[in-house]
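A quick write-up on the structure given underneath.
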Amino acid sequence: METTKTVKEPLFHLIKRNTQSAWRSVMVRAIAIFSGLLVGLIFAWAYTGTNPVLLLGYMFDGVFGNEIRIWSSLQDFALLLLVSVAVVPAFKMKFWNIGADGQTLMGCLASAMVIYYFHDSISNFVLILFMLVASVSFGIIWAVIPAIFKAKWNTNETLFTLMMNYIATQIVSFVLLCWFPSGQNDFPKFYRKYGNFPQLYNNYVFIILFAVILTVLMYFYLKSTKHGFEVALVGESENSAKYVGINVKKVIIRTLILSGAICGFTGFLLVSAKDHSITSTMVGGRGFTAIIVVWLAKFNPMYMALTSFMVVFLDKGTSQILSATQVTNKALPNIITAIVFFFIIGCEFFIVYMVKFRKKKSKSDDFMSGSGRLTEETQKEKE
């Protein structure tokens with residue numbers, strides 16, 4: 001008689017969800033953001049000795065404390081959203097464009113060069129048009145170079161675009177050194193009055209308006225146009241795209257032209273409507289932050305508006321905590337932000353998977369399973 005071996009069932013199973021309702025996904029993410037913020041504030045409480053409720057008040061004060069802070073927060077939100085809109089079509093195509101910082105910075109350089117060389121020879125209106133064309137062109141060139149290499153020779157676009165950032169930084173530093181050999185950048189002192197938008201709430205409105213318009217246009221471009229369909233299909237499977245007759249190389253180059261154009265346009269806005277100057281660090285890492293914004297929004301431009309504002313809220317809010325509590329450790333805002341992002345990224349697991357625990361067996365189940373084994377063994381003996 002053969003002895004039967006019983007296999008012990010695991011305590012729980014991880015099961016991938018077949019469907020996930022939109023409202024449940026939103027609720028899980030909202031709970032994750034709230035939980036992360038709560039844990040971050042408790043950590044700050046332990047470090048600073050300040051009540052978490054008061055710390056949360058400092059965060060809101062840093063973003064909405066007065067009119068200047070509100071407009072400044074909206075401007076930072078709009079600039080981050082613009083860079084995110086620039087990279088989203090490339091990311092949706094699975095072309096990991098990490099070079100948005102460099103493409104935007106080259107747009108800044110183009111505008112500065114137009115001001116430097118033509119400020120006293122043409123009218124301000126024509127100067128602004130020249131700046132716009134030059135910035136968009138420089139942004140396109142800086143994005144198309146890695147796109148051509150990817151399309152022709154299948155190079156690694158992540159490393160390529162990343163290295164292009166450092167090249168752009170060094171080019172700007174070199175140009176500034178040629179303009180100002182003393183090492184002191186006098187650009188904002190003499191050229192600040194040239195190539196500027198008309199003053200309207202310190203030009204905040206123009207940047208916000210352009211960000212809203214481009215976000216809506218990008219949403220419809222990706223969702224409702226043939227080009228948007230081709231971008232999505234190439235991102236899903238290049239072989240499938242080729243099978244249905246799509247020219248993958250053409251789609252890659254065309255999409256990076258679009259990304260570079262929007263990055264260059266953002267650089268134009270940084271010079272003409274915000275800083276009225278040029279430095280090698282003026283983009284401020286927005287290209288890297290945009291990666292988080294796009295990923296959290298699942299490549300949806302409308303959701304990107306929410307994630308962009310969340311990032312700006314955390315950045316300005318935690319900075320205000322540092323100022324209000326007079327803490328000298330500048331790592332505290334980064335730690336709070338990292339905790340929130342950790343919770344947000346972790347919640348994606350529970351959106352995709354569900355945990356199913358082992359059911360407890362009743363005595364009747366054990367009896368029935370035992371009876372079944374006895375019946376099988378009796379049948380074998382008879383045979």
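All figures in this text were calculated on a predicted structure; none of them were measured in a lab. Worth knowing before you read on, the calculation uses all heavy atoms, side chains too, and leaves out hydrogens, waters and symmetry mates.
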For Val85 versus Val88, what's the shortest heavy-atom pair and its separation? O-CG1, 3.3 Å
Is it the case that over 12 heavy atoms from other parts of the model lie below 6.0 angstrom from the NZ atom of Lys250? no
Mind checking whether Leu269 and Lys274 have side chains closer than 4.5 Å, heavy atoms only? no
Heavy atoms of other groups near Lys94 NZ, more than 12 under 6.0 Å: yes
From Trp142 CH2 over to Asn165 CG, what is the distance, rounded to the nearest 0.5 angstrom? 9.5 Å
Is it true that atom OH of Tyr166 has more than 12 heavy atoms of other residues, nucleotides or ligands lying nearer than 6.0 Å? no
First locate atom CZ of Phe268, then atom CZ of Phe138, and finally report the distance between them rounded to the nearest 0.5 Å. 14.5 Å
Surrounding CD1 of Ile68 (heavy atoms of other residues, nucleotides or ligands, distance under 6.0 Å), is the total greater than 12? no
What are the two closest heavy atoms between Ser280 and Leu176, and how far apart are they? N-CD1, 4.5 Å
Can you tell if the side chain of Leu332 reaches within under 4.5 Å of the side chain of Phe43, non-hydrogen atoms only? yes
Does Trp45 have more than 12 heavy atoms from other residues, nucleotides or ligands lying within 6.0 Å of its CH2? no
Derivation of the salt bridge (Lys or Arg N to Asp or Glu O under 4.0 Å) call for Glu230 and Arg254: CA-CA 11 Å; Glu230 291 176 349; Arg254 182 183 66 206; 2.7 Å; yes
Nearest 0.5 Å, please: how far is CG in Leu127 from NE2 in His119? 9.5 Å
To the nearest 0.5 Å, atom CG of Leu56 lies from atom CD1 of Ile321 at 8.0 Å
Parallel, tilted or perpendicular, judged at 30° and 60°: which one describes the rings of Phe130 and Phe118? perpendicular
Rounded to the nearest 0.5 Å, what's the gap from CD1 on Ile291 to CG on Leu296? Could you check? 11.5 Å
Please name the pair of heavy atoms, one in Val293 and one in Ser308, separated by the smallest distance, quoted to 0.1 Å. CG1-OG, 3.2 Å
